[in-house]
Amino acid sequence: AIAFAADARDHLVLELDLHALVFAADPIDTLHDVVREACLHDAVLAIRHAEVLLEDRRAALRHAVAGVMADGRLWVALTTRGDVADLLRLAAGTQLLRLDMPTETEQLRLWHRVLPPMIPRGPDLDPERLVRRYHLTPGDITEAAQAAIIAAMRDRQPVTMAHMTAAVRGRLRHRLKDIADVIQTSVEWDDIVLREDIVDRIIELLSAVQYERVVMDQWGFGKRFSYGRGMSALFAGPPGTGKTMIAGLIAKELGLELFRVDLSRTVSKWVGETEKNLGMAFDEARNARAILLFDEADSLFGKRTEVKSSNDRYANLETNYLLQRIETF
């Protein structure tokens with residue numbers, strides 16, 4: 001959208017990624033350098049991941065960006081996936097343009113556009129299957145298709161479902177690299193030994209997911225359950241008994257991606273930062289229609305404690321937020 005608007009006015013676009021900027025030796029000086037380049041080239045300054053500015057420890061950077069926006073020497077556009085209320089207050093007259101995720105019909109149209117007939121396709125490449133499996137943004141679809149086409153040309157093969165799946169997984173890994181890992185398994189059900197009662201529970205879990213639409217939509221039970229329809233399972237046992245392996249096999253059986261949330265990279269001492277990281281994991285997993293695996297979950301799903309200090313109150317907030325998201329995931 002930014003590139004389209006800039007092109008209509010014959011402007012270039014200069015992108016600034018705040019996730020990268022905060023690791024610069026002096027983020028404020030780097031910001032001023034970027035602003036100077038944008039002015040010299042009469043470019044629109046597109047600042048990505050503006051939610052970084054709302055972090056408590058980014059007050060100086062937030063003030064600097066607000067000054068650039070209020071200066072008036074160039075067009076500034078912020079992009080964010082987070083809350084926009086505080087960002088709208090950075091500078092007077094800031095306009096909001098809210099872009100929603102494309103519908104399945106729009107996604108299918110995008111897949112056909114980025115995979116034109118002149119591109120050789122394998123017999124298993126089905127855009128409708130991609131739409132059912134993933135819920136992606138237009139940018140994700142475009143970049144995944146380009147990566148798959150390049151990989152197929154390198155292999156001297158038509159573009160197959162394997163090429164496309166690998167490209168989409170690459171996009172997911174890139175976005176979740178700070179808080180989660182995409183897990184794949186080569187193990188099959190015949191490679192493990194389970195008690196009969198556990199096998200029955202796993203079959204019950206798989207059936208509940210596979211036939212959810214039939215029960216909720218076709219049979220009408222969805223009208224009676226407006227919330228709490230999230231599917232969750234707790235695997236308990238000593239290390240090495242196959243908890244993560246079973247999670248991988250369930251994801252493989254259902255044809256879904258499996259994201260393992262790294263709690264060491266998710267939990268933060270900064271107030272609200274843990275909830276933001278968890279929210280990102282849930283949002284990305286929802287868009288990818290994936291399974292979330294919280295390994296060693298007892299450290300995060302702790303019992304609510306009696307509030308004796310502010311630390312107890314914030315710990316309870318994290319637990320409450322997590323339980324709310326799981327109930328609707």
Side-chain angles (χ1 to χ4, degrees), residues 1-102 106 136-140 142-143 171 174-179 266 268-284 286-287 314 317 321:
I2 296 172
F4 181 82
D7 186 64
R9 292 174 173 267
D10 292 326
H11 286 293
L12 300 174
V13 176
L14 183 60
E15 288 192 7
L16 175 62
D17 189 333
L18 290 182
H19 279 167
L21 180 66
V22 296
F23 291 105
D26 192 329
I28 306 299
D29 283 348
T30 304
L31 172 65
H32 292 156
D33 291 340
V34 173
V35 170
R36 183 179 63 249
E37 289 298 315
C39 290
L40 289 173
H41 292 87
D42 194 24
V44 175
L45 179 59
I47 301 179
R48 301 176 59 193
H49 304 299
E51 61 273 8
V52 171
L53 300 174
L54 302 181
E55 299 172 5
D56 291 339
R57 60 189 185 278
R58 308 297 180 199
L61 183 59
R62 180 167 62 248
H63 180 73
V65 170
V68 172
M69 296 174 65
D71 184 84
R73 285 183 295 168
L74 74 164
W75 293 92
V76 180
L78 306 179
T79 67
T80 182
R81 293 188 175 197
D83 187 21
V84 300
D86 291 332
L87 293 173
L88 288 173
R89 291 193 283 268
L90 285 178
T94 301
Q95 301 295 313
L96 173 63
L97 177 61
R98 192 180 297 275
L99 301 177
D100 296 324
M101 290 290 291
E106 291 169 338
L136 302 174
T137 66
D140 287 333
T142 301
E143 295 188 22
R171 295 288 301 164
H174 176 73
R175 280 211 302 266
L176 285 166
K177 61 183 178 181
D178 294 331
I179 55 175
T266 304
S268 173
K269 65 179 181 179
W270 301 98
V271 175
E273 193 76 7
T274 301
E275 289 88 338
K276 187 190 79 170
N277 292 336
L278 289 171
M280 182 186 300
F282 277 106
D283 290 342
E284 295 297 342
R286 180 193 61 202
N287 291 339
Y314 287 124
L317 283 175
Y321 174 81

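Just so we're clear, the structure is a prediction, and the values are computed from it rather than from any experiment. Scope of the values below: all heavy atoms of this structure, side chains included, with no hydrogens, waters or symmetry mates.
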**Report entry** Nearest-0.5 Å distance, CD1 of residue I28 to NE2 of residue H32
**Finding:** 6.5 Å

Query raised in the report: So which heavy atom on L99 is nearest to which on A1, and how close?
Result: CD1-CB, 4.2 Å

Report task. Compare all side-chain heavy atoms of R98 with those of L96 and state whether any distance is below 4.5 angstrom. Result -> yes

Requested in this report: Among I47, T80, L78, find the residue that satisfies the side-chain contact (heavy atoms from CB on, under 4.5 Å) test when tested with L18.
Outcome: I47

Query raised in the report: Minimum heavy-atom separation for A64 to L31, with atom names?
Result: CB-CD2, 3.7 Å

Query raised in the report: Mind checking what makes side chain to side chain donor-acceptor pair (under 3.5 Å) contact with D283, not counting sequence neighbours?
Result: R325

Requested in this report: Measure across V35 and R73 and return the closest heavy-atom pair with its distance rounded to 0.1 Å.
Outcome: CG1-NH2, 3.9 Å

**Report entry** Any donor-acceptor pair under 3.5 Å from T142 side chain to G139 backbone
**Finding:** no

Requested in this report: Begin from the C-alpha positions of D33 and T30 and carry the test side chain to side chain donor-acceptor pair (under 3.5 Å) through to its verdict.
Outcome: CA-CA 5 Å; D33 291 340; T30 304; 5.3 Å; no

Query raised in the report: Sub-3.5 Å donor-acceptor pair from the side chain of R62 to the main-chain atoms of L53, do we have one?
Result: yes

Report summary line: Closest non-hydrogen atoms of R58 and V52, given as atom of the first, atom of the second and distance, are CG-O, 3.2 Å

Query raised in the report: Do V65 and M69 come close enough that some side-chain heavy atom pair is under 4.5 Å?
Result: yes

Query raised in the report: Does the pair R36 and L40 meet the rule for a side chain to side chain contact (heavy atoms under 4.5 Å, CB included), with working shown?
Result: CA-CA 6 Å; R36 183 179 63 249; L40 289 173; 4.2 Å; yes

**Report entry** Nearest heavy atoms of P102 and T137, plus distance in Å
**Finding:** CD-CA, 4.4 Å

Report summary line: In short, V13 meets A3 closest at the heavy-atom pair CG2-CA, 4.1 Å

Requested in this report: Would you confirm whether H41, through its side chain, and E37, through its main-chain N or O, come within 3.5 Å as a donor-acceptor pair?
Outcome: yes

Query raised in the report: For T79, does its backbone N or O pair with a side-chain atom of H49 as donor and acceptor, under 3.5 Å?
Result: no

Requested in this report: Would you please test V68 and V76 for side chain to side chain contact (heavy atoms under 4.5 Å, CB included) and show each step?
Outcome: CA-CA 8 Å; V68 172; V76 180; 4.0 Å; yes

Query - Trace of the side chain to side chain contact (heavy atoms under 4.5 Å, CB included) decision for V44 with L12 - result: CA-CA 6 Å; V44 175; L12 300 174; over 6 Å; no

Requested in this report: Taking the side chain as every heavy atom from C-beta outward, state whether L14 and V34 have any pair of such atoms under 4.5 Å apart.
Outcome: yes

Report summary line: So CG of L45 and CD1 of I2: to nearest 0.5 Å the spacing works out to 9.5 Å

